[in-house]
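Taking it in order: structure first as structure tokens, then the write-up.
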Amino acid sequence: MATWSTLHIFGYGESQLIGDNFNYKTSTSNLAAAPAVVADVYSKKPADSDASADYHAVKIFNDMFADYQPNSGSGFRVQYADLNQVLIDALVEEILAVCVTTTTTTTIAP
């Protein structure tokens, strides 16, 4: 698997995977694993959080944390170790498979 630093799942319908030598963006509707990753992050919402299930963005920083930014209410942070890495890895692989084999990618050279 490619070494990545940041995974964004945007509420407007795009997902982005960023690494040292790449920056891929694709439609979230192309990614079967995305809803499970969002649900996993949202399931870690603190009990006193007013964050809505509708989200502006879910930002996952590899091996550090995920930030959940809701459309209403306050956002929250989840430590990476508390997330389901199997789901995240599946989404990363899916983005790589979609982006490397289609023309909808944006690659930024180092």
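Predicted model, so just to flag it, every value in this text is computed and none were measured.
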**Message:** Working to the nearest 0.5 angstrom, can you tell me the gap between Leu17 CG and Leu31 CG?
**Reply:** 10.0 Å
**Request:** Starting from the C-alpha separation in whole Å, work towards a yes-or-no answer on side chain to side chain contact (heavy atoms under 4.5 Å, CB included) for Val37 and Ile60.
**Result:** CA-CA 10 Å; Val37 171; Ile60 302 173; 3.6 Å; yes
**Item:** Val92 and Trp4, any side-chain heavy atoms less than 4.5 Å apart
**Value:** yes
**Asked** Can you find a heavy atom in the side chain of Asn21 that is under 4.5 Å from one in the side chain of Thr3?
**Response** no
**Prompt:** Do Leu91 and Leu7 have side chains that get closer than 4.5 Å, going by heavy atoms?
**Reply:** yes
**Message:** Within the 4.5 Å heavy-atom criterion, are Asp50 and Ser74 side-chain neighbours or not?
**Reply:** yes
**Asked** When hydrophobic residues are tied together by side-chain contacts of less than 4.5 Å, even through go-betweens, does Ile9 share a cluster with Phe61?
**Response** no
**Asked** Measuring from Ser29:OG to Glu14:CD, what's the distance to the nearest 0.5 Å?
**Response** 10.0 Å
**Request:** May I ask you to decide if Ser72's main-chain N or O and Ser52's side chain share a donor-acceptor pair within less than 3.5 Å?
**Result:** yes
**Complete:** In short, Met64 meets Gln79 closest at the heavy-atom pair O-OE1, 3.3 Å
**Message:** Testing the basics here: between Pro70 and Gly75, what is the closest heavy-atom pair and its distance to 0.1 Å?
**Reply:** CD-CA, 3.4 Å
**Message:** So, taking the atom named OG1 in Thr6 and the one named CG in Asn62, what distance separates them when rounded to the nearest 0.5 Å?
**Reply:** 8.5 Å
**Asked** Are Ile88 and Phe10 co-members of a hydrophobic cluster defined by side-chain heavy atoms under 4.5 Å apart?
**Response** no
**Asked** Heavy atoms, side chains only, cut-off 4.5 Å: are Tyr55 and Tyr42 in contact?
**Response** no
**Any side-chain heavy-atom pair of Asn30 and Ser27 under 4.5 Å** = yes
**Message:** Is it the case that the ring center of Tyr80 lies less than 6.0 angstrom away from the ring center of Phe65?
**Reply:** no
**Message:** For the backbone of Ala32 and the side chain of Glu94, can you confirm whether one donor and one acceptor N or O come within less than 3.5 Å of each other?
**Reply:** yes
**Item:** Val78 side chain reached by Tyr68 side chain, heavy atoms, under 4.5 Å
**Value:** no
**Request:** Assess whether atom NE2 of His8 is packed by more than 12 heavy atoms of other residues, nucleotides or ligands within 6.0 Å.
**Result:** yes
**Request:** Tell me whether Val58 is reachable from Ile18 by hopping between hydrophobic residues (I, L, V, M, F, W, Y) whose side-chain heavy atoms are closer than 4.5 Å.
**Result:** no
**Request:** Would you confirm whether Ser15, through its side chain, and Thr26, through its main-chain N or O, come within 3.5 Å as a donor-acceptor pair?
**Result:** no
**Request:** Could you walk me through whether Asp67 and Arg77 pass the salt bridge (Lys or Arg N to Asp or Glu O under 4.0 Å) test, one step at a time?
**Result:** CA-CA 5 Å; Asp67 283 337; Arg77 179 168 285 177; 2.7 Å; yes
**Request:** Check Lys44 against Asp82 and note the closest heavy-atom contact, atom names and distance.
**Result:** CE-O, 2.9 Å
